[in-house]
Participant: 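Please find one structure pasted underneath; my questions will follow.
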Amino acid sequence: MQETHDIVNPATEELVATVPAATPEDVDAAVRRAAGAQHRWAALAPGDRARQLRRFADAVDAHLEELAQLEVREAGHPVGNARWEAGNVRDLLEYAAGGVERLTGAQIPVPGGLDVTFHEPLGVVAVIAPWNFPMPIAAWGLAPALAAGNAVVLKPAETTPLTALRLAALALEAGLPEGLFQVLPGAGPVAGDALVRHPGVAKVVFTGSTAVGRSIMATCAEQVKRVTLELGGKSPNIVFADADIERAAAAAPDSFLDNTGQDCCARSRVLVQRSVHDRFLELLEPAVKSFTVGDPTDPATRMGPLISATHRERVRSYVPESAPALIRGEVPSGKGYWYPATVLEAAPGDRVAVEEVFGPVAVVIPFEDEAEAVRLANATDYGLSGSVWTRDVSRALRVSRAVAAGNLSVNSHSSVRYWTPFGGFKRSGLGRELGPGALAAFTETKNVFVAIDPLEESK
Ligand code: NAD
């Protein structure tokens, strides 16, 4: 009998759907179908591919509310966030569609001939998505891969396959060819692993934990398969004494509580210059406590539950709700995988200050001067994002350049825009997604030299 996965609403613990889990045989059939569709898709005129992607974007746009509500039910995201996520999928598809005709090669001067480069599609791309932002992260791989002429087989996370399945149905309704974009819900070590190992898959785009990313990279190495990894983070939020402390404190909760802290970019290490440490905490407390927690279907809600009971146990293994904390928020009682906003004092080497908790937990660590701030910021194996709060432009740039992370923001926590590059240093990942280079990352560059015969009379 085929294995199935129960999809549970994390806010109510009610069963939302039961979804069949793909087997390695399903994976093989999907990759073969995708390969057939990809040849025809890549042969289309760029303008035709772009038009079809725009129709797909329009179909997503027409179903934004439905997709958002699905995300609320399967992932427990506040509806305001879920609406943004659905809109982000539409925007990504439109942005990628706009790049199809602009994916041009180069002509390079060489003696004796004409030298040109082509961006050839890779073939079948596997996108393996996590549960924390199921819709947008699936689209980060999907949209540019399709635009560059590839087919996509997407494996969503076990707990959150519903929006991905709906997106695949919308793609078909919008007229995308059968087989070009398929979704295979299933277990990571079964369907995910079969997809990574399949010789018909040219590239794997993986977003998830560093541990799984590392093993996927090792598997890809056997076939020298292309791989992009978007992995974990433990990002710093560096607050200097010369910053607008009121603004920095007001903005901080969003940077580690958004998505209930289940955010790879979460600024979960708050580094505060000692001279403003107490003042900052004084301001942080009301900001954390006013971060509205509760029913994700209420538009006023800013923080929902964690994804699952298992994940809540993992968060509790770092900080039980009974542990002493500098600041602790409230959560609803009754059903749902709730966990309160928690701010702790920690030493830089404490487990909770070093490992990714992936929950609404931040540690506050004081520093003396700029050199110490940079040293603490870089004292991690991760390097995904970070924030610098200061009024001194030179300091902002010095520190941004010195912190080993892929996405820094100054006087802001904004990390993700579909038109700017995104990705990690060190163990936070490999390669970049989004931005102007997104389509080219789904191609091979081919160089062709055409000899030019010299004029007959000059021979
Ligand atoms: P995970 O690594 O457990 O799973 C991610 C995906 O990989 C899921 O679809 C899962 O089924 C699949 N998978 C698991 N084992 C596999 C295997 N052996 N072969 C192939 N696929 C396999 O991660 P998660 O718990 O779903 O997500 C949380 C993690 O993702 C966090 O560490 C977070 O920081 C990271 N993340 C990173 C980014 C980024 O852009 N850098 C974005 C979001 C989440």
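The figures here come from the full heavy-atom set of this structure, side chains too, leaving out hydrogens, waters and symmetry mates. Atoms within a ligand are numbered from 1 in the order they appear, just like the ligands themselves. One is the number of the first residue; the rest follow in order along the sequence.
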Participant: Evaluate the 4.0 Å heavy atom contact test for atom 13 (N) of ligand 1: does a protein atom fall under the cut-off?
Facilitator: yes

Participant: Write out the residue and atom name of the closest protein heavy atom to atom 20 (C) of ligand 1, then the distance separating them to 0.1 Å.
Facilitator: G192 C, 3.3 Å

Participant: Could you tell me whether the side chain of V183 reaches within less than 4.5 Å of the side chain of P156, counting heavy atoms only?
Facilitator: yes

Participant: Show the atoms of ligand 1 that are less than 4.0 angstrom away from any heavy atom in T207.
Facilitator: 5 (C), 36 (N), 37 (C), 38 (C), 39 (C), 40 (O), 42 (C), 43 (C), 44 (C)

Participant: Examine the proximity of ligand 1 to L195 and report which part, side chain or backbone, both or neither, has a heavy atom under 4.0 Å away.
Facilitator: neither

Participant: Just jot down the ligand 1 atoms closer than 4.0 angstrom to any heavy atom of I128, in number order.
Facilitator: 6 (C), 7 (O), 9 (O), 12 (C), 20 (C), 21 (N)

Participant: Which of the atoms in ligand 1, numbered in the order shown and given with their element, are less than 4.0 Å from a heavy-atom of P156?
Facilitator: 9 (O)

Participant: Under 3.5 Å between any N/O of W131 and any N/O of ligand 1: does that happen in this structure?
Facilitator: yes

Participant: Under 3.5 Å between some N or O of ligand 1 and some N or O of S215?
Facilitator: no

Participant: Taking the six-membered ring of Y339 (Phe, Tyr or Trp), confirm whether the NZ or CZ of R316 is under 6.0 Å from its centre and within 45° of its axis.
Facilitator: no

Participant: At less than 4.0 angstrom from any non-hydrogen atom of I137, what atoms of ligand 1 do you find?
Facilitator: 42 (C), 43 (C)

Participant: If you measure every N or O of N132 against every N or O of ligand 1, does any of those distances drop under 3.5 Å?
Facilitator: no

Participant: So which heavy atom in the protein is nearest atom 38 (C) of ligand 1, and how far is it from that ligand atom?
Facilitator: C264 SG, 3.0 Å

Participant: Ion pair present between E370 and R395, side-chain N to carboxylate O less than 4.0 angstrom?
Facilitator: yes

Participant: Quick check: K155 and ligand 1, any N/O pair under 3.5 Å apart?
Facilitator: yes

Participant: Here's a test for you: under side chain to side chain contact (heavy atoms under 4.5 Å, CB included), which of K155, H5, E74 qualifies with P161?
Facilitator: E74

Participant: Run down the list R214, R314, K234, E356 and name the one with the heavy atom closest to atom 32 (O) of ligand 1.
Facilitator: E356

Participant: Below 4.5 Å, heavy atoms only, C-beta onward: do V270 and V272 meet side chain to side chain?
Facilitator: yes

Participant: Decide if atom CZ of R351 counts as having more than 12 heavy atoms of other residues, nucleotides or ligands within a radius under 6.0 Å.
Facilitator: yes

Participant: What about W140 and Y418, are their ring centers closer than 6.0 Å?
Facilitator: no

Participant: Any atom of ligand 1 sitting under 4.0 Å from a heavy atom of A129?
Facilitator: yes

Participant: Which of the atoms in ligand 1, numbered in the order shown and given with their element, are less than 4.0 Å from a heavy-atom of D193?
Facilitator: 19 (N), 20 (C)

Participant: Name the closest protein heavy atom to atom 23 (O) of ligand 1, giving the residue it belongs to and the distance to 0.1 Å.
Facilitator: S209 N, 3.4 Å

Participant: Would you say L231 and ligand 1 have an N/O pair spaced under 3.5 Å apart?
Facilitator: yes

Participant: I would like to know whether W389 and N237 meet side-chain hydrogen bond (donor to acceptor under 3.5 Å, both in side chains); could you show each step before the answer?
Facilitator: CA-CA 8 Å; W389 292 80; N237 178 15; 3.1 Å; yes

Participant: Quick test of your reading of the model: are E94 and R54 salt-bridged, counting only N-O distances below 4.0 Å?
Facilitator: no

Participant: Given Y337, which partner from the list E313, H311, E13 fulfils the side chain to side chain contact (heavy atoms under 4.5 Å, CB included) test?
Facilitator: E13

Participant: Find out whether the Lys NZ or Arg CZ of K203 is both under 6.0 angstrom from the six-membered ring centre of F442 and within 45° of the ring's axis.
Facilitator: yes

Participant: Relative to ligand 1, is T219 under 4.0 angstrom through side chain, backbone, both or neither, heavy atoms considered?
Facilitator: neither

Participant: Select one of side chain, backbone, both or neither to describe which atoms of F422 lie under 4.0 Å from any atom of ligand 1, heavy atoms only.
Facilitator: side chain

Participant: In the protein, which heavy atom is nearest to atom 22 (C) of ligand 1, and how far is it?
Facilitator: G188 CA, 3.4 Å

Participant: Does the ring center of F256 lie less than 6.0 Å from the ring center of F291?
Facilitator: no

Participant: Among all protein heavy atoms in this structure, tell me which lies nearest to atom 10 (C) of ligand 1, with the distance rounded to 0.1 Å.
Facilitator: E158 OE1, 3.7 Å

Participant: Can you tell me if CD on Q223 sees more than 12 non-hydrogen neighbours from other groups inside 6.0 Å?
Facilitator: yes

Participant: Checking a contact table here: which protein heavy atom is nearest atom 27 (O) of ligand 1, and how many Å away?
Facilitator: P130 CB, 3.5 Å

Participant: Judged by non-hydrogen atoms, does A191 sit under 4.0 Å from ligand 1?
Facilitator: no

Participant: In the protein, what heavy atom is nearest to atom 15 (N) of ligand 1, and what distance, to one decimal place, separates them?
Facilitator: V212 CG1, 3.5 Å

Participant: In this structure, is the centre-to-centre distance between the rings of F358 and W131 below 6.0 Å?
Facilitator: yes

Participant: Can you tell me which residue and heavy atom of the protein come closest to atom 28 (C) of ligand 1, and the distance to 0.1 Å?
Facilitator: F358 CE2, 3.4 Å

Participant: What I want to find out is whether D61 reaches R90 closely enough, with some N-O distance under 4.0 Å, to be called a salt bridge.
Facilitator: yes

